[in-house]
Every structure is written in structure tokens, then in C-alpha cells.
Amino acid sequence: MSSVMERQPAQDGKSARALEILQTVFGYPSFRGEQQAIVEQVLGGGDALVLMPTGGGKSLCYQIPALVRDGVGVVVSPLIALMQDQVDALAEVGVRAAFLNSTQTYEEASEIERRVRRGEIDLVYVAPERLMTPRCLDLLEQSNIALFAIDEAHCVSQWGHDFRPEYIKLSVLHERFPHVPRIALTATADGQTREEIIRRLQLEEARQFVASFDRPNIRYQIVEKANGRKQLLDFIQGAHSGEAGIVYCLSRKKVEETAEFLAENGIAALPYHAGMDYQKRTAHQARFLREESIVMVATIAFGMGIDKPDVRFVAHLDLPKSIEGYYQETGRAGRDGGPAEAWMAYGLQDVVQQRRMIEESDADETFKRVLGVKLDAMLGLCETLECRRMRLLEYFGQSAAPCGNCDTCLSPPVSFDATVMVQKLLSTVYRVEQRFGAGHVLDVLRGVESDKVKQWRHDQLSTFGIGNAGSEAEWRAILRQSIALGLLTVDYDAYNALKLTDAARPVLTGKQQVQLRQYQKPVKTARVSSKSKGFAESGLSADEQLIFEKLRWWRVETARAHNVPAYVIFNDATMREIARTKPGSLADLRGVSGVGEKKLESYGQEIIALIAEFS
């Protein structure tokens, strides 16, 4: 095959050359969505801001223009730990790629810099801290630059969930290289974050491309938290046994305990958080990327830039701080387009904990207000009676119809007029003089004669026992929703005492009605056998499933020999298509999506021989 480095200088043929590279290098027959328009914008020397969901093909939007335009494409990425895998993946399709970061020796970095100056590299990945050094800026001044790609561009926003201070300095690219096109890319950005990206990176003249945020292959499910770890185990064993997944927890301690709990129950689970030894953390990430059935239990320190396409579920044992964070984290599931699940266990303590974190933070009042608004939106998603996907997309400014693939669509929640019950709750908080926490208030409300209730003579109150018809779980659900609606707040300086807000007054006086979700007892996930699940989800016949499983074993061995993650060889979607079409020749295999010329040359004969065994 002709090398991708043999570029054609003729301007008129750039679009045709881009399509040729898409087909012959990356193995895809055509561009998806707005990819072609984005590529042509950058090919023409224009700037672009790209908002595209995880798995939507953002990387092609800068990789292909970098291969068509003269010079080296510089990719600014905060993901040092993943640069090697990104470079390896490009090498597998015949692209000359390299990275510059702190993991390299002086000699290794110097050699890469020499190759960049000589024009022997197509794409170079650089961390923002490295880019800002005089040495790196001098290197870029001495080199022919095709474009700058600023990946994970939401990191520039101080209001965002992944703020990186060094990203703010990236405006230097426009100032020092005004004629080099820049493309900023992210999977998540609300209107405020988008405006900040444009302002801080000086992208006022950039063309904006906003793809749909919808990920229809992901099923969203939020359950009432009872015993979170046990519910998580039931969910994994019932629906995702033997599959790759990510579990997010808020604290490092909870990460360790949850990983240990899952491992004790037969799940191949590994912990990951910023407090771990660097070598151990890196080893766990490598295992997750290279093996097929690892469950990573992590804080939000893990995940940005993870390209593993066959993550079948993302679970949350703690409430995320914002919808942006939730969307970014759940978006790591199902990048290959196959069925995936976003599961969360959510309860009263999550609401209290997140509000406390905001109140106790060192941020100024303006920033706290922003965090509060973002948390309220997240709580709204959890408590909604509508389709969760509709609520999620509306947050990003997109309208949608009910999806039919989330828990509120599949098992519509029951709403009820909870005005009287909420009045009973608010009255009890008032009667105990707004000095006690949730547990004590509910004991008084339900008529529980605890030692503490007797000590304070709260069994003599008029509200004692007025809620004895409801279970503790039902009242906790009402209390949680009342806090989420802003009728109650928690005073963290007074031992988590519940206090009435101004919004409670019209409810207490009967001037405002309250509709709530009716409590539903947690239901254990039905166990599905992996064999029947494989047929149902892949759409393969029994014979095709056998071929697919054989291809998976071949891929594992091949990836191990090449020391790369398995998905770098071929992703599941490509292997399913091979299993379905059963190519009998290299010409047949060439037509399969995801099989470019380099991979055809490297693995074609082996695959044809493997398929022949089943003929």
C-alpha cells in the first residue's frame, strides 16, 4: 500500500485525499455525521470547536487533516498515561505517531524532537504542561505544523468538572502561530462551558460543530439505594457477568473497599485512585485496557480519554456532582455502539453529602452557587418522572422524545400527591425545633420510642407517630425528595440538623401542592446467562457466535504479542461483521468496516485461515 506519509500537495484534491485516507488507512467506507464538514473546515485552514459524544469519532476529525495537510499535527492532551496506547493504535494502521511527556528520558525526547523537525512524524501528542515550556515552543517554531488539536477542551473551564489550570495558557497557540488551524474537541460542555472554551482559547472565529449528545445504545437506570454494594453485585452478576465495566465511587476508601468486596465475590475487580502508588495505578489501568473482563473501581481520577470500546457498563455508587460529570463518565460505556448500561444507586445520604461538600468547600460564593445549580440539575435527573434521556439531552440544549430505553420509560414511575405527607415531615422538623438530623426526625414521625426520643420527650409532641403508616424507606424517599426540591436544608455546623427553607412555608400553609415519586422497593436484577445474552445482543447466529469467540481468542493472543490493548487490533463491531460475512479472500475482508490496508496486510491471511476452519 502507498504510505500515508506520501502527501499530495495539490489543494483541489484535499477532500478526495481525506476520504481515501479514511477508507485505506482507517478502514471506514464513509464519514459519519458532521465528520466530513469538520475535516474540510480544518483542511481549509479554519478553526473549529467540536462537541461530539464519546464514541462519535472525534479523533478522526484531527487525525485525517493532519495526514492530508503538510507538516506535523500537534495534539494537546492531558492524558499522559494513555499517550502510549494512542500512539500504538495509530502505528497499527500505519501512521507515524509519537508523544512527548515526562515519562521519557532526555535522549528519547530529543530523538522525537529531531524527527518532528525533520518532518518524519505525522502526529505528536503533547501534555499541556510540556507544551508551555520554552523548549517545546521553540521546537514548534522550528517545525512545520499542520494543525493544533486541543483534546478534552472542557478542561479549560473553571466551572467544569475536569478543570486543568494549564489549559488556560493554551491561547498562546493562537498568538504565536496565528496561521495554523486549531480544532478544540470535547464530549461534554453546557452553554456556559462552551462560552468559556471560546473565550479562553480565542476561538471567536471558529466554526462550531455540535453533534447530538444522544447515546441511544446506553440504557440509563437509577435505583433507590438500600445496600449499595450488594445491589451493585446483583447488577453485575445478573446482567454483566464476565464483561468489562467501570464503577465510580466518591472516596478512595470506598474504592478500595468496593473493589475488595467484588473480588471476594468472584468479580475481577481492580481499584484506581490518585492516592495509589503510580506504578500500581498504571499497572491496573494497563490490565483494564488489555484484558477483556476487568471491572475498574475508581474515583473520577480514572476515565478521561479511555478508548476501550467494549466497556459494557458504567455504575455509580455515589451521586456525581453534575450532569456534565455524569454524562462524561457514563459515556465511557458502549463506545463500540453495542448495548451498554449506565446504572446508579442513589439515596438520601448522597444528597446530604454533596450539599455538604459544596458548603464546606473553599470556593467563593459565586462558585458555590454555580456548583449548587449543577447539583440541582443532577438531582432533577435522579428524581424525574419523565424519560431520563429527555432530561439529559434538554440539559445540553437538545430536545428529544421519550427514548423507550431507560428505566422511567421501561417501568414508568408512579407519581402521587404527597402534599399531606410532606406537611407532616416539615411539621415534625419544626416541632423538634430544627435541631436534629434525619434519623431522629423520622423516628419521631414514625412513632419510634428510641432512647433519644424519650430523652428529649419528643414522644410527647403532637407530630409523634403521625407518619406510622409509612415504612422508614418510604419516609427516607420523601425526605430525600424534599431536600432535592429545596423545602429542607441540612445545617452541617449543627450536627446535620434539618432546617426549613423559605420554600417550605407555602407547602405548610396549603398554598402549594407537592408531587413526588412513589417509593418502589429495590428489585434484584434477573440473572441472564452469558450464552443467551451473547446471541441476543450481538445479533449473531450460533455458528457466527462460535466464529466471533474464536476471533476474540485470536485477538487476545495477537494483542499480547504486540503488547497493545486487544481493541487496538480490531474492535468487537469489526469482528462481529467478520463473523457475519465470513470473508473467504483478502478482497472480501477489505470491505469490512474497520479493516484498513495496514491491518489487511498484517492480519488478513490469519483471519482468512481462521474463517476457513469453519467452512
Side-chain angles (χ1 to χ4, degrees), residues 220-228 231 250 316-323 326 343-359 371-386 388 391 407-408 411 413-430 432 434 436-446 448 463 466-467 469-492 495-501 503-504 507-508 512-523:
Y220 298 96
Q221 182 182 11
I222 300 176
V223 303
E224 193 97 20
K225 187 184 291 184
N227 180 338
Q231 289 171 282
L250 200 57
H316 285 85
L317 278 183
D318 294 302
L319 182 72
K321 297 176 183 178
S322 66
I323 286 183
Y326 174 74
W343 180 93
M344 185 199 304
Y346 156 78
L348 172 61
Q349 191 56 37
D350 292 294
V351 185
V352 175
Q353 188 176 34
Q354 286 289 5
R355 291 217 187 277
R356 180 194 291 131
M357 288 173 66
I358 292 173
E359 289 301 316
L371 294 177
V373 169
K374 288 179 181 291
L375 178 59
D376 287 342
M378 187 69 224
L379 293 172
L381 177 67
C382 292
E383 302 291 2
T384 185
L385 296 164
E386 304 173 322
R388 295 207 198 274
R391 195 69 177 254
D407 55 354
T408 55
S411 300
V414 178
S415 66
F416 72 107
D417 184 348
T419 307
V420 173
M421 298 187 80
V422 172
Q423 286 172 335
K424 289 179 179 181
L425 171 64
L426 299 177
S427 296
T428 303
V429 172
Y430 179 76
V432 299
Q434 305 181 71
F436 294 86
H440 184 77
V441 168
L442 294 186
D443 280 349
V444 174
L445 185 60
R446 295 177 58 238
V448 177
T463 54
I466 60 172
S471 68
E472 182 181 0
E474 289 173 303
W475 277 112
R476 281 191 171 274
I478 291 169
L479 173 56
R480 185 193 71 235
Q481 293 178 78
S482 297
I483 294 174
L485 288 171
L487 304 176
L488 287 170
T489 187
V490 180
D491 187 344
Y492 307 110
Y495 304 100
N496 295 339
L498 293 173
K499 293 187 179 295
L500 303 175
T501 67
V507 176
L508 278 168
Q512 181 178 319
Q513 303 292 300
V514 182
Q515 287 285 126
L516 297 182
R517 290 171 64 106
Q518 194 168 67
Y519 170 77
Q520 292 180 315
K521 189 176 180 180
V523 179

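All residue numbers refer to positions in the sequence shown, counting from 1.
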Student: For Arg355, what residues pass the side chain to side chain contact (heavy atoms under 4.5 Å, CB included) criterion, not counting sequence neighbours?
Tutor: Val351, Leu375, Asp376, Leu379, Ile483, Tyr492
Student: Of all heavy-atom pairs between Leu348 and Ala438, which one has the smallest distance, and what is that distance?
Tutor: CD2-CB, 4.1 Å
Student: In Å and rounded to the nearest 0.5 Å, what is the CG to CD distance from Leu485 to Gln515?
Tutor: 11.0 Å
Student: So which atom in Val514 and which in Asp417 form the shortest heavy-atom distance, rounded to 0.1 Å?
Tutor: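 Scanning both residues, the minimum pair turns out to be O-OD1, 3.5 Å.
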Student: I would like to know whether Lys499 and Leu488 meet side chain to side chain contact (heavy atoms under 4.5 Å, CB included); could you show each step before the answer?
Tutor: CA-CA 6 Å; Lys499 293 187 179 295; Leu488 287 170; over 6 Å; no
Student: Would you kindly say whether Gln481 and Tyr519 are connected by a side-chain donor-acceptor distance under 3.5 Å?
Tutor: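 Their side chains do not contain a donor-acceptor pair, so the 3.5 Å distance test is not met.
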Student: Once side chain to side chain donor-acceptor pair (under 3.5 Å) is applied, do any residues pair with Ser471, and if so which ones, sequence neighbours excluded?
Tutor: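 Side chain to side chain donor-acceptor pair (under 3.5 Å) list for Ser471, sorted by chain: Glu474.
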Student: Test side chain to side chain contact (heavy atoms under 4.5 Å, CB included) on Leu385 and Arg517; report intermediate values, then the result.
Tutor: CA-CA 7 Å; Leu385 296 164; Arg517 290 171 64 106; 3.2 Å; yes
Student: Calculate, to the nearest 0.5 Å, the distance between atoms CH2 and CD1 belonging to Trp343 and Ile222 respectively.
Tutor: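 Trp343 CH2 to Ile222 CD1: 11.0 Å, rounded to 0.5 Å.
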Student: Name all residues meeting the side chain to side chain donor-acceptor pair (under 3.5 Å) criterion together with Lys225; count only those two or more places apart in sequence or in a different chain, and write none if there are none.
Tutor: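 Once residues adjacent in sequence are excluded, the partners of Lys225 under the side chain to side chain donor-acceptor pair (under 3.5 Å) criterion are Asp350.
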Student: Apply side chain to side chain contact (heavy atoms under 4.5 Å, CB included) to Asp443 and list each qualifying residue two or more places apart in sequence or on a separate chain.
Tutor: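 By the side chain to side chain contact (heavy atoms under 4.5 Å, CB included) rule, Asp443 matches Val448, Ser450, Val453.
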Student: Would you find more than 12 non-hydrogen atoms of other residues, nucleotides or ligands less than 6.0 Å from Tyr495 atom OH?
Tutor: no
Student: May I ask you to decide whether Arg476 forms a salt bridge with Glu224, counting only side-chain N to carboxylate O separations under 4.0 Å?
Tutor: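 Here Arg476 does not pair with Glu224 in a salt bridge, since their nearest N and O are not under 4.0 Å apart.
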Student: Is a side-chain N or O of Thr501 found less than 3.5 angstrom from the main chain of Gly486, in a donor-acceptor match?
Tutor: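 Confirmed, Thr501 side chain pairs with Gly486 backbone.
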Student: How close do Gly467 and Trp475 get, counting heavy atoms only, and between which atoms?
Tutor: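 The pair with the smallest heavy-atom distance is O-NE1, 2.8 Å.
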Student: One pair to check against side chain to side chain contact (heavy atoms under 4.5 Å, CB included): Met344 and Leu319. What are the steps and the verdict?
Tutor: CA-CA 8 Å; Met344 185 199 304; Leu319 182 72; 4.0 Å; yes
Student: So Gln354 and Leu250, do their side chains get closer than 4.5 Å, heavy atoms only?
Tutor: yes
Student: Between Leu508 and Leu500, is there a side-chain heavy-atom distance shorter than 4.5 Å?
Tutor: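 A side-chain contact under 4.5 Å exists here.
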Student: Does the side chain of Leu498 reach to within under 4.5 Å of the side chain of Phe436, using non-hydrogen atoms?
Tutor: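 Sidechains of Phe436 and Leu498: no contact.
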Student: If every non-hydrogen atom of Met378 is compared with every non-hydrogen atom of Pro320, which pair is closest and at what distance?
Tutor: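 For Met378 versus Pro320, the nearest heavy atoms are CG-O, 3.5 Å.
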Student: Evaluate the side-chain proximity of Thr463 to Val432: yes if any heavy-atom separation is below 4.5 Å, no if none is.
Tutor: no
Student: Just jot down the side chain to side chain donor-acceptor pair (under 3.5 Å) partners of Gln518, sequence neighbours excluded, or say none.
Tutor: none
Student: Minimum heavy-atom separation for Gln231 to Ala345, with atom names?
Tutor: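 Nearest pair, atom of Gln231 first, then Ala345: OE1-CB, 4.5 Å.
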Student: Tell me, with the steps shown, if Lys424 and Leu445 meet side chain to side chain contact (heavy atoms under 4.5 Å, CB included).
Tutor: CA-CA 8 Å; Lys424 289 179 179 181; Leu445 185 60; 4.1 Å; yes
Student: Just verifying a value: how many Å separate Asn496 CG and Arg356 CZ, rounded to the nearest 0.5 Å?
Tutor: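 Going from the CG atom of Asn496 to the CZ atom of Arg356 covers 4.5 Å.
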Student: Should Tyr430 and Leu425 count as side-chain neighbours, where that means a heavy-atom distance under 4.5 Å?
Tutor: no
Student: What residues, two or more places apart in sequence or in another chain, satisfy side chain to side chain contact (heavy atoms under 4.5 Å, CB included) together with Gln520?
Tutor: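 Applying side chain to side chain contact (heavy atoms under 4.5 Å, CB included) to Gln520 gives none.
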Student: Applying salt bridge (charged side-chain N to carboxylate O under 4.0 Å, His left out), can you list everything that pairs with Arg446, at least two apart in sequence or on another chain?
Tutor: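 Residues passing salt bridge (charged side-chain N to carboxylate O under 4.0 Å, His left out) with Arg446: none at all.
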Student: With sequence neighbours excluded, what pairs up with Gln423 under the side chain to side chain donor-acceptor pair (under 3.5 Å) test?
Tutor: none
Student: Just to verify, what does Arg391 make a side chain to side chain contact (heavy atoms under 4.5 Å, CB included) with, not counting sequence neighbours?
Tutor: Leu381, Thr384, Glu386, Glu394
Student: Using the test salt bridge (charged side-chain N to carboxylate O under 4.0 Å, His left out), find all partners of Arg388 that sit at least two apart in sequence or belong to another chain.
Tutor: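 Here the qualifying residues are Asp407.
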Student: Provide the closest heavy-atom pair for Ile323 versus Ala377 in the form atom of the first, atom of the second, distance.
Tutor: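 In this case the closest contact between Ile323 and Ala377 is CD1-O, 3.5 Å.
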Student: Does Tyr326 have any ring pair (Phe, Tyr, Trp, His ring centres under 6.0 Å) partners at least two apart in sequence or in another chain, and if so, which?
Tutor: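 By the ring pair (Phe, Tyr, Trp, His ring centres under 6.0 Å) rule, Tyr326 matches His316.
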